[in-house]
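Structure first, then comments.
In what follows, chains are A, B, ... by sequence order, proteins preceding strands, each numbered from 1.
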Amino acid sequence: MKQPAMLSAKAFEASEAPIKAFGEALLEAGKANPDIVVVSTDSSSGSGLSPFKAAFPERHIEFGIMEQGAVGYCAGMAAVGKIPFYAAIAPFVSARPFEMVKDDLGYMRQNVKVIGRCGGLTYSQLGPTHHSIDDFALMRTIPGLLVLNPGDPVSIRKATLALAKHSGPSYMRIGSPNMPVLYDEDLPFEIGKGILVREGHDVTLIGTGTVLCQAVKAAQLLDRKGISARVIDIHSIKPLDEDMILKAAGETGRIVTVEEHFLNGGLGSAIAQFLSQTRPTPVKMLGIDDRFASNGPYEGLLGQHGLLAEQIAASSIEFLKKKF
Amino acid sequence: MPLSKKEELKLKFKALALRENVLRMVKAAGTGHMGGALSAADIVAVLYYKFMKLDPQNPGLADRDRFVLSAGHKCLILYAALAEKGYFPKEIMDSYGELDSHIPGHPSMDKLPGVEANTGSLGHGLSIAAGMAMGLKLSASPARVYTLMGDGELAEGSNWEAAAAASHHKLDNLTAIVDKNGLQIGGPSDSIMNYEPLQDRWASFGWSVRRIDGHDYPTIVQTLESLPFEKGKPSLIIADTVKSKGFPFAEGKAAYHYWKATKEELQLADEALAAARAGLEKALAEAQVKGGL
Ligand SMILES: Cc1ncc(C[n+]2csc(CCOP(=O)(O)OP(=O)(O)O)c2C)c(N)n1
């Protein structure tokens, strides 16, 4: 069965702030379900919670700067039937309260949605304390916890609504600067299912989140070199769409993964782990190697780690030349 | 010893230079965590220019006093002081915001001499500072350790773990300063998460506490002169301050926590600092300080 490719004919024409897309969808979810509450730790507005707060002030709870305790409060509220969405700066809701997420949400299987915003390198100038390039690795280890990383404003909206319907502990990362719109509003979206962004048969680029757009542009650059690159959007890092990945491995033979995350433990790592045991396939992993990132403009940091479209295209060409 | 007029003016000129440095860096990047940097400017100036034993030529000096900026987002005031002290060439200030700048949005000891800890995530500094105080005590060092925290930062539970352990271990070479400007990102700190009565809370954790006006030089000096407030106890200074102090258009306004500076605001800031300098020059002339500063 052939799947349609989802890249919009109008891709890259518009762009939108990820927290705006998230905040609007959260309001919509809150209107539909009165049990949804939102939790802030001194970053309500910056985390996109303002529309929800304005509509439902009594369901917006501010804790001040106490991320670890806030996760426990969320677990407690969930245990008595509320559905907390807790949003703040990504490292402070993932690495900082990791054990609370693991025990109080994961092990206790509580229906809490943790949203890390300004994730990846997007808080670029603020340095390594504010970068979040280890969150997939951390969160992937927690049994039963969803890990989402949507790659455009349309899919952020859909992911937020899907999270509201899903019952169980979840983590979603979103970025900070405006993201190009890649999809049409009628995009089918399902947790655990990848999105075929564009067809191709020489190689598959698997992108996620804020650098999905770079992978798409890289594929367009490869076109001009006569290389046909398939692009898959893995917005659901866990559970992983194994069928789609397996199919791509079979049909294109080589996989390039593109993520704003340490190579240790991220999406590429998850894909290599899966493929090595099912259908050993050469995988080129693009991401951040074993060092702390620097500070400065966002694109500058992406460039230092080979995550800009031209660099992804160049790495892919090199990779395709390699004999295995 | 009461603070002489001459010394007070000298310190005020230094604090003004720090504020000028902060503005210089914001101009380079167009943005920066200005509000909480300026509320702490007077205390930081007094610490660096009157109390801390430091050698900018030898930043690794074993018995130097340590300053741990727990509220790492206030880094502009730390950079301002280190630049003024000569830890690094002042031109580096113009690289704020650039790729690989030595002065990132939060301080990094890998990038700059004089930075004692890589802070930025709130609620780490007190434990690190207390650990330094403990280690220095074990080495019988005379050095003192200072840490500067925000009042919003106090909601991090890790601070209270550190607070209990510091008094338990009798770290009287440790001084924590809470820059109580009353604001955090979302608005007034006590409306976001109330930590009053702050003095009593710290005292109940075994600290010796004083509450001061964080912009009043004789008081700041007198307070720091009497450290440790009690032998065998860590000292806590609650400094009542004004966020964005020195930039009247921004004073006491939460919106200037992270300043995205407009041209008009930069103009106002320039004018405010020029007026402050003129005021100090006038005070200096009137005081007829012998031999100048
Ligand atoms: C662990 C952590 N959580 C959140 C933040 C984001 N943050 C940076 S500054 C700030 C507010 C700090 O307020 P306060 O301590 O009162 O500092 P001041 O007002 O003096 O700048 C917040 C929430 C952070 N840096 N670290």
Side-chain angles (χ1 to χ4, degrees), chain A residues 39-47 49-50 53 60-73 87-100 118 121-132 134 176 291-305, chain B residues 25 28-33 70-73 75 95-112 115 117-125 149-161 183-195 254-255 257-258:
Chain A
V39 165
S40 156
T41 46
D42 194 22
S43 75
S44 186
S45 151
S47 300
L49 305 179
S50 298
K53 183 181 180 185
H60 171 281
I61 303 156
E62 175 59 71
F63 283 94
I65 314 166
M66 48 165 270
E67 296 86 359
Q68 294 168 247
V71 172
Y73 270 89
I89 300 174
F92 308 137
V93 296
S94 54
R96 174 66 171 244
F98 175 67
E99 193 188 63
M100 287 73 182
C118 301
L121 296 170
T122 61
Y123 248 161
S124 58
Q125 136 77 353
L126 299 185
T129 57
H130 284 58
H131 299 158
S132 178
D134 52 8
S176 170
R291 64 188 158 128
F292 289 102
S294 188
N295 47 277
Y298 174 57
E299 302 241 310
L301 292 197
L302 288 184
Q304 289 185 334
H305 297 279
Chain B
M25 290 181 273
T31 61
H33 282 104
S70 186
H73 63 281
C75 58
S95 74
Y96 194 56
E98 286 175 11
L99 188 60
D100 295 331
S101 166
H102 285 275
I103 49 172
H106 292 93
S108 167
M109 29 193 331
D110 307 328
K111 300 229 165 187
L112 209 61
V115 173
N118 290 356
T119 52
S121 177
L122 295 167
H124 289 234
M149 300 190 283
D151 53 352
E153 182 183 7
L154 297 181
E156 292 288 8
S158 51
N159 291 314
W160 301 99
E161 298 179 11
L183 293 173
Q184 52 195 98
I185 294 179
S189 298
D190 52 6
S191 76
I192 287 175
M193 185 50 59
N194 184 23
Y195 267 84
H257 173 81
Y258 186 76

*With a 4.5 angstrom heavy-atom cut-off, which part of B/S108 approaches chain A: side chain, backbone, both or neither?*
neither

*Could you tell me whether the side chain of B/Y96 reaches within less than 4.5 Å of the side chain of B/C75, counting heavy atoms only?*
yes

*With only heavy atoms counted, which part of B/H73 is less than 4.5 Å from chain A, the side chain, the backbone, both or neither?*
neither

_Need one label for B/Q184: side chain, backbone, both or neither, based on atoms under 4.5 Å from any heavy atom in chain A._
both

_Under a plain distance cut-off of 3.5 Å, with no hydrogens placed, do A/S45 and A/K53 share a side-chain donor-acceptor pair?_
no

*Please report the closest heavy-atom contact between A/T41 and A/A88, naming both atoms and the distance.*
OG1-CB, 3.7 Å

*Picking from B/G123, B/S158, B/S101, which has the most non-hydrogen pairs under 4.5 angstrom with chain A?*
B/S101

*What residue, out of A/D42, A/L301, A/T129, has the most heavy-atom pairs lying under 4.5 Å from chain B?*
A/D42

*Per-residue contact mode, B/E156 against chain A (heavy atom under 4.5 angstrom)*: both

*Is B/L183 close to B/H257 at the side-chain level, that is, under 4.5 Å between some pair of heavy atoms?*
no

_I want to check something: taking the side chain as every heavy atom from C-beta on, are A/H305 and A/R291 in contact at a cut-off of under 4.5 Å?_
yes

*Over 60° means perpendicular and under 30° means parallel, so classify the ring planes of B/H33 and B/H106, tilted if in between.*
tilted

*For chain A, the option from B/G150, B/G186, B/S189, B/S121 that forms the most heavy-atom pairs under 4.5 Å*: B/S121

*By number, which residues in residues 64-71 of chain A have some heavy atom less than 4.5 Å away from chain B?*
A/G64, A/I65, A/M66, A/E67

*Count the heavy atoms of every other residue, nucleotide or ligand shown that sit under 6.0 Å from CZ of A/F98, and state whether that count exceeds 12.*
yes

*Taking the side chain as every heavy atom from C-beta outward, state whether B/H102 and B/S95 have any atom pair closer than 4.5 Å.*
no

_Beyond-backbone contact of A/V39 with A/Y73, side-chain heavy atoms, under 4.5 angstrom_ = no

*Look up atom CD1 in A/I61 and atom CG in A/L49, then write down how far apart they are to the nearest 0.5 Å.*
11.5 Å

*Among B/T31, B/L122, B/D110, which has the most heavy-atom pairs under 4.5 Å with chain A?*
B/L122

